[in-house]
Amino acid sequence: MPAHDVLIIGAGLAGQRAALAAAREGATVAVMSKVHPVRSHSVAAAGGINAAISIDDDWRSHAYDTVKGSDFLGDQDAIEIMCAEAPAEVMHLEHIGVTFHRNERGELDLRAFGGASMKRTAYVADITGQAMLHVLYEQLMRRHETVDTYEEWFTTSLLQDADGICCGAVARDVRSGRIEAFTAKNVILACGGAGQAYKPTTNGLIVTGDGIALAYRIGAPLMDMEMVQYHPTCLVETGILITEGARGEGAHLLNSQGERFMQKSAPNKMELASRDVVSRAEQIEIDEGRGVGPDGNGLYLDVTVVPRKRTLEALREIVSLGKDFAGVDITREPITIRPGQHYIMGGVKTDVDGRTPIEGLYAAGEVACVSVHGGNRLGANSLLDTLIFGRRAGEHAAARAASMGMPEPDTVAALRRDSELIESIISRPREGRRVSEIKDELGELMNREAAVFRSREGLERARETVARLKEESAQAWIDDRGTVFNQDVLGAIELGYMVDCAEAIVLAALERTESRGAQFRTDFPARNDDEWLKHIDISLNGDGPRVSYSPVTITQWQPEERKY
Amino acid sequence: MAEVHRPAQQFTLRLRRYDPESGQAPYWDQHTIELEPHRSVLEGILQARDRVDGSIGIRCSCRQAICGSCGVRINGAPALACNTHLEAAARTGSDEVIEVEPMGNMPVLKDLIVDMDAVHWKKIRRVTPWLLAKQPVPEREYLVPRESMVDVTQTMACIQCGACVSDCLSMEVDPDFIGPAALAKAYRFVGDPRDDQQLERLNDLAQDPHGIFDCTHCFNCVDACPKDVDPMGQIMRLRRIATSDHHIVDRNNGQRHEAAFTGLVRDYGLNHEAELLSRSYGGNSWFGKFHPAAGKELLSSLPVVAKGLLRGKLDPRTAVLGHKLPKADLRSVHRIYERIEEREQRYELNLFITGYDEDLEPASPRDRSGSPDQPVAQAAAGEAAAGGPASGEADAASEGAPDLPSASAAAGASGGAASGASAGPAAEESGGAAGGGAAGSSPAHGAGGGGEQGAPSEDSSER
């Protein structure tokens, strides 16, 4: 039975970075992923990674931009750490082979990005996430003798000992259907966000909130779950992301009257204001009848103002996306976009070393909430977040492992429980609803009531509906009765994870009677620092979710009015 | 051209199913789905899976051609399911049926899911796919020419989907061939100025009998690739760097063959088939035929030669003496060679660096699916990458191969970087100025206006 110092669940940027860091400290490491590591959704990250590497720059400026971007809900000690360590991390990536673009002097080139006071985003064309993920995987291949990888293994639950300390996980080998218990001194969750709870979303089909739900179910608190980021530029039909890098290179946003409407809400930063500000501005244009497209529910992103050669060199991926998925040559005409669900700032609560309040359990990346993004994440800060806190979690877990013996959890009971769950799903009678039906309804609901603009009535409706969908999903039936590569049964388990995440999101959104960052309540449109400068934590407690609060850590920057 | 919104219509999907637990052979499973014509084959398959049969097995995630999960064969050709339009796929099917099968050259696990570890990833690991960094490692970033990073971004863009491996003809015949994906990955390091082992990598891949000289130059991988990685082009670049820059003479006779071919064309104006054989095996001179290795090959080819003579396909005179060109024509050929050899450095172009011409002509008629014009790569127009010294003035293009200043090439010490013109293949491209620019990496793309984003996805959606 596998036993490791550090078990990492999820092999995107955070998971792989944690693995490399832990292995470097001499720990025995296992990385587990329900897909091949390079299919992780980090691969879709496009625009770049922020770091104050320029000699004209200062990490404190980056930190302030991040604090302001978070609408002052971010924990400033964590933000300081992230921004101060960013330059060294970017250089580390460069040294292991990431093919960052250069300027004329051969140095790392930097582009502009949303919410940034100066250019500090290093990039690889518009495939930065892909380049970084593949290079990290190259390093993992190099270490194949010291890092065990379990590729296409699906985690069904976390293991705990009698004292509630996390000591491993139960997972199913997708290929053979075999279930196995993995013992570990430390578990690091790096499973990403929960975008598939929304429809449409920029996220891939695998982003189903697994890590958030797994932690939630063993009592870990989820923090800031109401903070769901809508990215301003997604293709209207499919939700496919058009990178902020386009606006970084100079593209404009236009309404049906050809106006650069960002002038009204963000006269300084215009299209490069923070994402929540831009998404809200867009939604207002749409709601007030100045949208474009046959249903009037889009706006124009005009990349034709960027020199064509530059577009083809630095934005070639979105040239392909425009052509393949919207039939538009973005170098010649504007493309129709609209806000779409993209990222969740909230997640499993951790400290600056990735530790959750549950001993033995760590989290890093989008699954975690440290919080460095607070109420809204700046573009190009997520790639940074995954690497900094992935590394820190890996190092901390390795150090903790060095001073403890291997746990001996009761795996028999856990194995039996999860096997029975899978059996029961497979044998559910074909009455009631299919998994995919429930998932569609959930996604449309969240996109209606827990999106850019929210209200108490809408959120109450959402809460009731999510509760009903939770019951229905416990009975949802599937077609595949087989064991080899049964993706159907995994889909049913993922549906359960998504519903749990939705429950927490709606509850937190109802709780915060204020607008801050990505949360905008039409019934409470103002920011209210006196009452609400705090985090909302949701934990499962016996009979249901419980709400509590935790303070925001302020070091240097007092909250101020947020203008772009 | 505005986005086109057409109503949903019906499409017929025929999926290749295989249930390893059933003990039964693979079979066809037909589904009728209803979606707008510009939606993807993947969306069609997922509709069938969500509504009718949840046991349909396919790997997929991002839906936007970046994760590389959904490689399949559509109507016989490799592609990503997520960026193949239903309408385009129906057009290439018989009776408008869209047939979807698993990729080739790899064992099938279930339905459309193949075992990539057994083939694709095994070959990737073969080429030492991690940076072996030059020492000492600097405190900050390595200072490298701008073009070199843009250049290797082309192979960095590989999403490991396996489409090229799926339909590699060489691999079908020789399963040990390292293959297009892995060799393109090898170029990613050979072309990276920060890597320390360029010579060792090239030597390894040139000497390996299943290495860079095992490619049959068939273009399947170039057509298959959804991300314009141009694997075959990368293989050819590896060959050129190995032979021209490092003078590696491999035991597979790859270098000898290319040297013989180029030398014979220089001497005769046309290929001299009989000499080509003996020189490839025996060394690049008239005495090559007396080398034991050459003798052996000549003897074993006698039956074929005899048949050719008997059927009148070979003329004994030209077989022995070679074709004779008029002197003036031979002089023209010599001028091409002189011009190329005059350059201080060979340069390699890829379209990421040279960019595209501002004035575009469509290379092919406007496609019915409503896609925009396909721009033709016009490196000859001398578009320089923003501020980079990479490309420069175009040649008068009388001989077709564009002339770029060699100053920029000085920036690229390792042969794979930035600008240069390739010798042999560029000479072959002497017809088209358009082709010339792309000659370094993707001759076919240059000629047909492909090589840029449009064409390959256009091609894949055409299947």
Side-chain angles (χ1 to χ4, degrees), chain A residues 35 38-39 41 43-44 91 94-97 99-108 124-125 127 130-131 134 138-139 141-142 175 204-206 238 240 294 308-310 312-313 316 319-321 323-329 332-333 336 434-436 478-480 482-485 487-488 491, chain B residues 1-5 19-21 38 50-51 53-55 57 59-69 83 109-110 113 116 125 129-131 133 137 140-146 149-150 152-153 156-157 159-160 192 194 352 355-356 358 370-372 383 385-388 452-454 457:
Chain A
V35 291
V38 305
R39 315 297 178 210
H41 204 61
V43 80
M91 290 306 162
E94 142 75 359
H95 294 156
I96 59 174
T99 52
F100 286 117
H101 274 218
R102 296 321 212 240
N103 61 22
E104 293 318 315
R105 293 182 297 279
E107 305 157 337
L108 256 47
V124 180
I127 52 168
Q130 177 193 342
H134 282 239
E138 287 167 5
Q139 296 295 305
M141 283 195 278
R142 187 180 198 170
R175 260 197 221 192
L205 298 162
I206 59 175
T238 52
I240 286 171
R308 190 161 190 275
K309 224 184 346 269
R310 178 67 184 165
L312 291 168
E313 179 190 298
R316 57 183 308 272
V319 173
S320 299
L321 290 174
K323 192 172 189 305
D324 290 340
F325 298 100
V328 169
D329 178 354
R332 297 215 175 297
E333 54 194 310
T336 310
R434 300 175 72 94
V435 168
S436 54
I478 60 167
D479 291 300
D480 197 344
T483 35
V484 170
F485 249 103
Q487 298 173 311
D488 219 0
Chain B
M1 191 231 87
E3 296 155 52
V4 184
H5 292 268
D19 177 357
E21 297 171 90
H38 66 281
D50 288 345
R51 293 187 189 176
D53 182 357
S55 71
R59 288 189 178 118
C60 52
S61 179
C62 74
R63 307 156 295 141
Q64 55 181 85
I66 195 77
C67 73
S69 303
N83 76 347
L109 293 174
K110 176 188 169 182
I113 299 169
M116 288 191 63
R125 286 190 286 269
W130 47 82
L131 189 76
V137 173
R140 285 178 60 98
E141 65 267 62
Y142 287 90
L143 294 178
V144 295
R146 196 178 167 286
M149 287 296 110
V150 180
V152 295
T153 298
M156 198 73 237
I159 57 177
Q160 310 289 350
D192 190 330
R194 304 166 297 178
F352 283 59
Y356 298 80
E358 287 302 325
S371 322
E383 291 286 36
E452 53 85 59
Q453 288 79 2
S457 35

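We name chains A, B, ... by the order of the sequence lines, and we start the count at 1 in each one. The figures that follow rest on heavy atoms only: side chains count, while hydrogens, waters and symmetry mates do not.
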Fill in: Test side chain to side chain contact (heavy atoms under 4.5 Å, CB included) applied to A:Arg102 - qualifying residues, sequence neighbours left out
A:Glu94, A:Phe100, A:Leu108, B:Glu141, B:Tyr142, B:Val144, B:Arg146, B:Met149, B:Arg194
Worksheet, complete the sentence: Between the CD1 atom in B:Ile66 and the CD1 atom in A:Ile240, the distance rounded to the nearest 0.5 Å is 11.0 Å
Worksheet item: What part of A:Ala125 lies closer than 4.5 angstrom to a heavy atom of chain B: side chain, backbone, both or neither?
Response: side chain
Worksheet item: Under 4.5 Å between any side-chain heavy atoms of A:His101 and B:Thr153, yes or no?
Response: yes
Practice prompt. Sort A:Arg175 into side chain, backbone, both or neither according to what part of it lies under 4.5 angstrom from a heavy atom of chain B.
Written response: side chain
Discussion item. Given heavy-atom pairs under 4.5 angstrom as the criterion, report whether the side chain, backbone, both or neither of A:Leu321 touches chain B.
Written reply: side chain
Worksheet entry | Under 4.5 Å from any heavy atom of chain B - which part of A:Ile206 | both
Worksheet item: What's the spacing between A:Arg142 CZ and B:Trp130 CH2 if we round to 0.5 Å?
Response: 7.0 Å
Worksheet item: Roughly how far, to the nearest 0.5 Å, is CD1 of A:Ile96 from CG of B:Leu131?
Response: 9.0 Å
Item to complete: Against chain B, work out which of A:Thr238, A:Thr483, A:Ile127 has the most heavy-atom pairs shorter than 4.5 Å and name it.
Response: A:Thr483
Worksheet item: Checking A:Gln130 side chain against B:Met156 main chain: does a donor-acceptor pair fall under 3.5 Å?
Response: yes
Fill in: Among the listed options B:Asp19, B:Val137, B:Ile159, the residue most often paired with chain A at heavy-atom distances under 4.5 Å
B:Ile159
Worksheet item: Just by modelled atom types, is the B:Arg140 backbone N or O under 3.5 Å from a matching donor or acceptor in the A:His95 side chain?
Response: yes
Worksheet entry | Contacting region of B:Arg59 [heavy-atom separation from chain A under 4.5 Å] | both
Worksheet entry | B:Ser61 and A:Val35, any side-chain heavy atoms less than 4.5 Å apart | no
Worksheet, complete the sentence: Honestly, the part of A:Val484 sitting under 4.5 Å from a heavy atom of chain B is both
Item to complete: Would you mind checking which part of A:Arg39 comes under 4.5 Å of any heavy atom in chain B, side chain (CB onward), backbone (N, CA, C, O), both or neither?
Response: both
Worksheet item: Who pairs with B:Asp53 by side chain to side chain contact (heavy atoms under 4.5 Å, CB included), at least two apart in sequence or on another chain?
Response: A:Asp479, B:Arg17, B:Asp29, B:His31, B:Ser55, B:Ile56
Worksheet item: Mind checking whether A:Leu205 and B:Arg63 have side chains closer than 4.5 Å, heavy atoms only?
Response: yes
Worksheet entry | B:Pro129 portion near chain A, given a 4.5 angstrom heavy-atom threshold | both
Fill in: Residue, of A:Gln139, A:Glu138, A:Met91, A:His41, that accumulates the most heavy atom pairs under 4.5 Å with chain B
A:Glu138
